[in-house]
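Here is the structure we will look at.
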Amino acid sequence: MSHNQQPNDIRHDDENTLSEFLASLTDYTPTIPDELVEHYLAKSGFRCPEFRMQEALQINLTGRMVTCQFT
């Protein structure tokens with residue numbers, strides 16, 4: 001934390017960053033189809049009513065697949 005920023009300023013910046021990220025998910029076209037992700041999440045027992053969480057997991061899985069492909 002810089003000397004000029006107060007803890008409330010940092011929290012506000014984090015909330016703005018999170019809001020921007022969540023808003024960007026509405027325009028995201030997944031590489032892995034939603035149905036496939038839903039199937040494997042359900043098969044593993046994952047239950048979360050928040051659809052944005054599933055989208056965040058899709059992004060993470062896509063990134064892992066790309067990383068594995070190039071390593």
Side-chain angles (χ1 to χ4, degrees):
M1 171 169 43
S2 72
H3 297 286
N4 297 335
Q5 282 189 317
Q6 298 298 318
N8 288 339
D9 293 338
I10 293 172
R11 186 176 313 126
H12 183 68
D13 289 344
D14 289 345
E15 289 172 3
N16 285 341
T17 302
L18 178 60
S19 295
E20 290 170 7
F21 172 71
L22 293 175
S24 73
L25 289 178
T26 59
D27 298 329
Y28 175 70
T29 303
T31 304
I32 304 170
D34 290 338
E35 295 80 11
L36 185 63
V37 173
E38 289 171 9
H39 169 77
Y40 282 105
L41 288 176
K43 190 173 181 176
S44 71
F46 180 82
R47 302 279 186 267
C48 182
E50 181 61 49
F51 183 71
R52 293 178 297 187
M53 179 61 76
Q54 179 178 318
E55 291 176 332
L57 287 169
Q58 278 181 304
I59 293 169
N60 185 289
L61 290 170
T62 301
R64 289 177 184 268
M65 288 173 49
V66 169
T67 301
C68 289
Q69 182 180 2
F70 293 108
T71 55

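Computed over heavy atoms, backbone and side chain alike; hydrogens, waters and symmetry mates excluded. This one's a predicted model, so the numbers in the text were calculated from it and none came from an experiment.
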>> Could you work out, with side chain to side chain donor-acceptor pair (under 3.5 Å) as the rule, every residue matching Glu50, not counting sequence neighbours?
In response: Arg52
> Got a sec, which residues hit side chain to side chain contact (heavy atoms under 4.5 Å, CB included) with Leu61, two or more places apart in sequence or on another chain?
Replying inline: Ile32
>> Minimum heavy-atom separation for Gln58 and Asp34, please, with both atom names.
In response: NE2-OD1, 2.9 Å
> Closest approach of Met53 and Cys48, non-hydrogen atoms and distance?
Replying inline: CB-SG, 3.9 Å
>> With heavy-atom distances below 4.5 Å as the criterion, would you say the side chains of Glu55 and Val37 are in contact?
In response: no
>> Surrounding OH of Tyr40 (heavy atoms of other residues, nucleotides or ligands, distance under 6.0 Å), is the total greater than 12?
In response: no
